[in-house]
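Here is the structure we will look at.
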Amino acid sequence: MDKIRIVGGNELNGTISISGAKNAALPLMIASLLTDETLTLENVPRLRDVAQLTQILSNHGVDYSVDGKRAGDDSLKGQTLHLTAGEIVDTTAPYELVSKMRASFWVIGPLLARMHQAQVSLPGGCAIGTRPVDFFIDGLRALGADLDIDKGYIVGSCKGGLKGARVNFPKVSVGATHTVLMAATLAKGETVIENAAREPEVVDLANCLKGMGAIIEGAGTDTIHVQGVDRLHAYRHAVIPDRIETGTYAMAVAMTGGKVLLEGARADLLDSAIETLRGAGAEITQTPEGLLVARNGNGIKPVDISTEPFPGFPTDLQAQFMALMTKAQGTSRITENIFENRFMHVQELARLGAKIQLDGQVATIEGVSELHGAQVMATDLRASVSLVIAGLVAQGETTVSRVYHLDRGFERLEDKLSRCGAQIERISA
Ligand code: UD1
């Protein structure tokens with residue numbers, strides 16, 4: 001298994017191009033199941049999760065192709081994917097495929113909407129909490145689907161198709177919002193989704209669905225109205241830039257010092273993280289090319305955060321921010337409100353010399369003047385990159401193992417960072 005080797009101590013300076021958002025690309029790819037015409041997606045990141053999802057979709061009968069290299073292309077820029085679900089030949093999403101990535105469970109919405117049946121394995125994904133699927137089941141049942149759980153599968157059908165309804169989620173869920181939104185586009189009549197997720201990825205999905213012919217209002221607010229239509233059609237859509245990748249590199253620069261242009265990044269997608277980073281001492285400016293991030297020589301200030309659904313501080317940046325706070329000049333508190341088991345990076349950061357105390361959902365981080373390189377292990381996708389951020393300033397050598405977690409969500413991280421002066425390399429086993 002590959003490892004990442006880092007020798008800490010270098011500032012970051014230069015340009016990092018921000019990829020298309022993984023968490024937008026995945027539901028957009030799944031939306032291809034809603035039409036027999038071709039959905040073309042530009043700016044799709046080259047990631048393991050994307051490759052995994054193409055396998056799952058092709059098992060349903062989706063044809064896919066990727067544009068070859070074009071003049072002026074940079075290998076770190078996104079790819080253009082064409083997805084055609086001309087005929088869905090299989091409405092089962094099997095355990096072997098779904099267990100590797102939670103988002104693939106979301107195919108249940110489009111399959112029920114278009115084929116009126118689906119058999120989808122209960123999901124897997126990062127082990128960051130219990131991650132149940134009750135909101136999906138209740139939401140799809142409200143739209144008229146009969147759903148049962150049988151031998152680890154959700155088996156669903158809806159004779160005559162889904163029917164619009166009022167769906168009120170008890171708690172904000174990104175995945176359940178994506179799924180019910182997609183399902184509602186082909187349901188008969190109006191669906192109202194209340195307490196909907198307001199994440200930019202939901203807005204991106206809604207924009208693409210609208211381009212495909214869906215009638216949707218209110219995406220980006222907590223109430224989304226969908227008027228069902230008989231069919232959707234071909235469309236070409238560009239995936240929004242990845243706000244989590246943006247925030248991650250911004251935190252890396254805040255950690256190491258230096259000045260980096262995050263090319264293509266959009267500040268409006270991560271206001272709360274930007275405000276937090278400014279509080280910690282980073283200078284962040286939106287330019288026409290992207291976000292310019294720098295840190296003056298004044299060191300890192302401690303800032304308390306609580307993770308919240310959008311527009312609050314994202315749980316997907318919690319581990320990275322904790323890495324930054326390990327070097328702050330004082331004590332900070334991080335409260336994780338979204339997932340109950342999302343502190344597995346704490347013990348790995350401790351191996352690098354971080355001082356962190358855990359009390360339930362709250363971590364108290366006492367900043368230290370030095371971190372020291374060590375062998376550490378990635379435990380989940382975002383946790384793995386927090387170890388890289390810490391390794392960039394740790395004295396000596398840090399080796400991060402199990403980097404397959406990293407490859408699920410960060411496109412060529414070691415290339416992007418080494419182009420900016422970091423001493424970082426992948427060691428292929
Ligand atoms: C998505 C993101 C993930 C991010 C998370 C929260 C993708 C591919 N993944 O995950 O990176 O960390 O949003 O921003 O976009 N819940 C239930 N029942 C359900 C569904 C969810 O109790 O049926 C709970 C979850 O356990 C969690 C909370 O709701 O506590 C939010 O989870 P959710 O927004 O659904 O996360 P994902 O969509 O899986």
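No hydrogens, no waters, no symmetry mates; every other heavy atom, side chains included, goes into these values. Counting convention: from 1, in listed order, for ligands and their atoms alike.
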**OP:** Could you pull out, from Phe339, Phe136, Phe135, the option with a heavy atom nearest to atom 17 (C) of ligand 1?
**Re:** Phe135
Original post:
By number and element, which atoms of ligand 1 are closer than 4.0 Å to a non-hydrogen atom of Gly175?
Top reply: 35 (O), 38 (O)
Original post:
Just heavy atoms, cut-off under 4.0 Å: does Lys171 contact ligand 1 by side chain, backbone, both, or neither?
Top reply: side chain
Original post:
Counting both backbone and side chain atoms, is some N or O of Asp316 under 3.5 Å from an N or O of ligand 1?
Top reply: yes
Subject >> Residue from Ile30, Ile56, Val120 passing side-chain contact (heavy atoms from CB on, under 4.5 Å) with Phe105 >> reply: Val120
Original post:
Should Glu414 and Arg5 be marked as a salt bridge (charged side-chain N to carboxylate O under 4.0 Å, His left out) after you check the CA-CA gap, both sets of side-chain angles, and the distance that decides it?
Top reply: CA-CA 9 Å; Glu414 66 278 14; Arg5 181 178 164 274; over 6 Å; no
Subject >> Element-labelled atoms of ligand 1 that are located less than 4.0 Å from some non-hydrogen atom of Val172 >> reply: 31 (C)
Original post:
Less than 3.5 Å between some nitrogen or oxygen of Ser173 and one of ligand 1, yes or no?
Top reply: yes
Original post:
Is there side-chain contact between Asn23 and Val174, with heavy atoms separated by less than 4.5 Å?
Top reply: no
Original post:
If hydrogens are left out, which of Asn23, Thr315, Leu26 has an atom nearest to atom 7 (C) of ligand 1, that is, the closest non-hydrogen atom?
Top reply: Asn23
**OP:** Would you please indicate if the ring centroids of Tyr95 and Tyr153 are separated by under 6.0 Å?
**Re:** no
Original post:
Can you list the ligand 1 atoms lying under 4.0 Å from a non-hydrogen atom of Trp106?
Top reply: 7 (C), 8 (C), 15 (O), 38 (O)
Original post:
Is there side-chain contact between Gln320 and Arg382, with at least one heavy-atom pair below 4.5 Å?
Top reply: yes
**OP:** Nearest heavy atom to atom 20 (C) of ligand 1 wins, so pick from Ala176, Pro170, Pro132.
**Re:** Pro132
Original post:
Does any N or O in the side chain of Thr35 come within less than 3.5 Å of the main-chain N or O of Leu232, such that one atom is a donor and the other an acceptor?
Top reply: yes
**OP:** Decide whether the shortest distance between a heavy atom of Arg342 and an atom of ligand 1 is less than 4.0 Å.
**Re:** yes
Subject >> Residue part near ligand 1, for Met101, under 4.0 Å between non-hydrogen atoms >> reply: neither
**OP:** Mark yes when over 12 heavy atoms from residues, nucleotides or ligands other than Glu217 sit less than 6.0 Å from its CD; otherwise mark no.
**Re:** no
**OP:** Let me know which of Arg46, Arg412, Glu411 forms a side-chain hydrogen bond (donor to acceptor under 3.5 Å, both in side chains) with Ser19.
**Re:** Glu411
Subject >> ligand 1-proximal atoms of Ile338, by part, heavy-atom distance under 4.0 Å >> reply: both
Original post:
Do any heavy atoms of Ile244 fall under 4.0 Å from ligand 1?
Top reply: no
**OP:** Using distance alone, determine whether Arg102 and ligand 1 share an N or O pair under 3.5 Å.
**Re:** yes
**OP:** Verify side-chain hydrogen bond (donor to acceptor under 3.5 Å, both in side chains) between Thr92 and Gln119, making sure each step is shown before the conclusion.
**Re:** CA-CA 5 Å; Thr92 299; Gln119 303 77 34; 2.9 Å; yes
Original post:
Where's the contact between Phe105 and ligand 1, heavy-atom distance under 4.0 Å: side chain, backbone, both or neither?
Top reply: neither
Original post:
Arg382 to ligand 1: N or O pair under 3.5 Å?
Top reply: no
**OP:** Identify the residue among Arg243, His178, Lys22 that makes a side-chain hydrogen bond (donor to acceptor under 3.5 Å, both in side chains) with Glu201.
**Re:** Arg243
